[in-house]
Amino acid sequence: MPNMHIKSSEYAWHHTEVKILGRILDGITGWELKKTTEKEALYGAGQHALDIQSGNIACSGSINLWGYEADRLDQAAQAAGYDSIQDVPHELITITVSARKMAKDPITVWTATGVAFTETSDKLSQNDKKRDNAMPFICMDIQKKTLTL
C-alpha cells in the first residue's frame with residue numbers, strides 16, 4: 001500500500017483574519033457565512049422529477065465577538081453619524097475572512113458584500129468573565145477564492 005499523507009484539519013484559527021470596515025477584528029471568536037440557492041423539482045408525466053430549476057440566492061452569516069469588539073463597531077458607526085452598526089447602510093459594509101492551515105499554505109478568502117446586521121445583543125450573567133455577542137447579518141453576495149502564494 002502506498003504511503004499516504006492525510007491532513008486532519010483544513011484551517012488553523014491562528015491563521016484566520018476577519019476584517020470589517022477595513023479593520024482587523026482581534027476580539028472575534030467565531031464566524032459563519034452561508035449562501036443558499038432556492039431550488040425546486042419540476043414534475044410532468046411520471047413520478048420522477050423531469051428537471052430541477054434554480055431561483056433566488058440568499059446570503060447570510062454571523063460573527064461572534066467579545067463585547068468590547070462589538071462596542072468598537074458601534075462606536076465606529078456613531079463616529080460616522082449612525083446610532084449603531086445596525087443603522088450603517090449595507091452598501092458601506094464588507095466583511096472579509098481569510099484562513100489557511102499553515103503560513104506557507106494557500107489562503108482561502110471569503111468576501112461578504114452589502115452587509116446589513118440584523119441583530120445585536122448584550123448579555124451578561126452572574127460570574128461571567130466576558131461578553132460573547134452573536135451578530136447575525138444578511139448580505140448581497142458572498143464570494144470565495146483561493147489564493148496561492
Side-chain angles (χ1 to χ4, degrees), residues 5-43 49-149:
H5 177 68
I6 299 173
K7 290 185 176 183
S8 61
S9 65
E10 296 179 29
Y11 303 107
W13 186 253
H14 63 278
H15 288 301
T16 300
E17 179 179 277
V18 179
K19 287 184 188 178
I20 297 180
L21 301 173
R23 192 171 72 72
I24 298 170
L25 304 178
D26 61 358
I28 188 159
T29 61
W31 59 271
E32 176 185 18
L33 298 171
K34 184 165 55 171
K35 193 171 194 175
T36 305
T37 303
E38 189 179 275
K39 295 194 178 198
E40 179 180 329
L42 296 179
Y43 293 90
L50 300 175
D51 198 6
I52 296 175
Q53 292 293 317
S54 297
N56 293 332
I57 296 173
C59 299
S60 63
S62 181
I63 57 173
N64 290 6
L65 303 174
W66 293 133
Y68 76 87
E69 195 72 79
D71 293 343
R72 285 181 182 171
L73 290 177
D74 277 340
Q75 290 163 1
Q78 291 163 3
Y82 304 99
D83 288 336
S84 74
I85 192 67
Q86 283 183 276
D87 299 318
V88 176
H90 67 275
E91 299 90 351
L92 302 178
I93 301 177
T94 297
I95 297 175
T96 305
V97 178
S98 61
R100 59 186 163 180
K101 182 174 179 176
M102 296 187 292
K104 63 179 175 45
D105 288 338
I107 300 171
T108 302
V109 178
W110 296 264
T111 305
T113 54
V115 175
F117 287 97
T118 58
E119 183 180 324
T120 57
S121 65
D122 287 300
K123 181 176 88 170
L124 194 63
S125 297
Q126 193 277 331
N127 202 34
D128 282 352
K129 312 304 186 274
K130 60 197 175 323
R131 289 182 295 143
D132 191 10
N133 295 10
M135 296 178 61
F137 59 85
I138 57 174
C139 58
M140 300 297 288
D141 195 17
I142 298 171
Q143 295 293 317
K144 179 180 176 181
K145 294 181 182 177
T146 301
L147 310 173
T148 55
L149 302 176

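Only this structure's heavy atoms are used, side chains among them; waters, hydrogens and symmetry mates stay out.
- For D74 (side chain) and I85 (main-chain N/O), a donor-acceptor pair under 3.5 Å exists by modelled atom type.
- Pairs of residues two or more places apart, or lying in two chains, that qualify as salt bridge (charged side-chain N to carboxylate O under 4.0 Å, His left out) and include a residue from residues 25-36 are D26-R72, K35-D141.
- For A49 against A41, the heavy-atom pair with the smallest separation is CB-CB, 3.8 Å.
- When all heavy atoms of G55 and T37 are compared, the pair lying nearest together is O-CG2, 4.4 Å.
- Panel note: side chain N133, backbone S121; a donor-acceptor pair is recorded below 3.5 Å.
- The ring of W110 has its center closer than 6.0 angstrom to the ring center of Y11.
- Annotation for I28 and L25: closest pair CG2-O, 3.7 Å, computed over non-hydrogen atoms.
- With rounding to the nearest 0.5 Å, the separation of SG in C59 from CD1 in I142 is 4.5 Å.
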### Working for side chain to side chain contact (heavy atoms under 4.5 Å, CB included), residues I24 and K19
CA-CA 4 Å; I24 298 170; K19 287 184 188 178; 3.7 Å; yes

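- Heavy-atom minimum distance, D105 versus R100: O-CD, 3.6 Å.
- To the nearest 0.5 angstrom, K39 atom NZ is 7.0 Å from I52 atom CD1.
- Side-chain atoms of K129 come within 3.5 Å of backbone atoms of N127 as a donor-acceptor pair (strictly under, hydrogens ignored).
- The two residues K101 and H15 make their nearest non-hydrogen contact at O-CD2, 3.1 Å.
- L65 pairs in a side-chain contact (heavy atoms from CB on, under 4.5 Å) with only one of the listed residues (T29, L73, D132), which is L73.
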### Message
Please evaluate residues I95 and V18 with respect to the criterion side chain to side chain contact (heavy atoms under 4.5 Å, CB included), reporting the C-alpha separation (whole Å), side-chain torsions for both, the decisive distance (0.1 Å), and the verdict.
### Response
CA-CA 7 Å; I95 297 175; V18 179; 4.1 Å; yes

### Residues M135, I20; criterion side chain to side chain contact (heavy atoms under 4.5 Å, CB included); working and verdict
CA-CA 13 Å; M135 296 178 61; I20 297 180; over 6 Å; no

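- In terms of modelled atom types and a separation under 3.5 Å, the side chain of T118 and the main chain of P136 share a donor-acceptor contact.
- In this structure, H90 NE2 and I138 CD1 are separated by 8.5 Å, a value rounded to the nearest 0.5 Å.
- The structure places CG of L124 at 10.0 Å from NZ of K130, a figure rounded to the nearest 0.5 Å.
- To the nearest 0.5 Å, atom CH2 of residue W13 and atom OG1 of residue T16 are 5.5 Å apart.
- Taking the side chain as every heavy atom from C-beta outward, D87 and F117 never approach each other to under 4.5 Å.
- Side-chain N or O atoms of Q78 include one that pairs as donor or acceptor with a backbone N or O of D83 at under 3.5 Å.
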### Message
Between I93 and L21, does the side chain to side chain contact (heavy atoms under 4.5 Å, CB included) criterion hold? Intermediate values first, please.
### Response
CA-CA 6 Å; I93 301 177; L21 301 173; 4.1 Å; yes

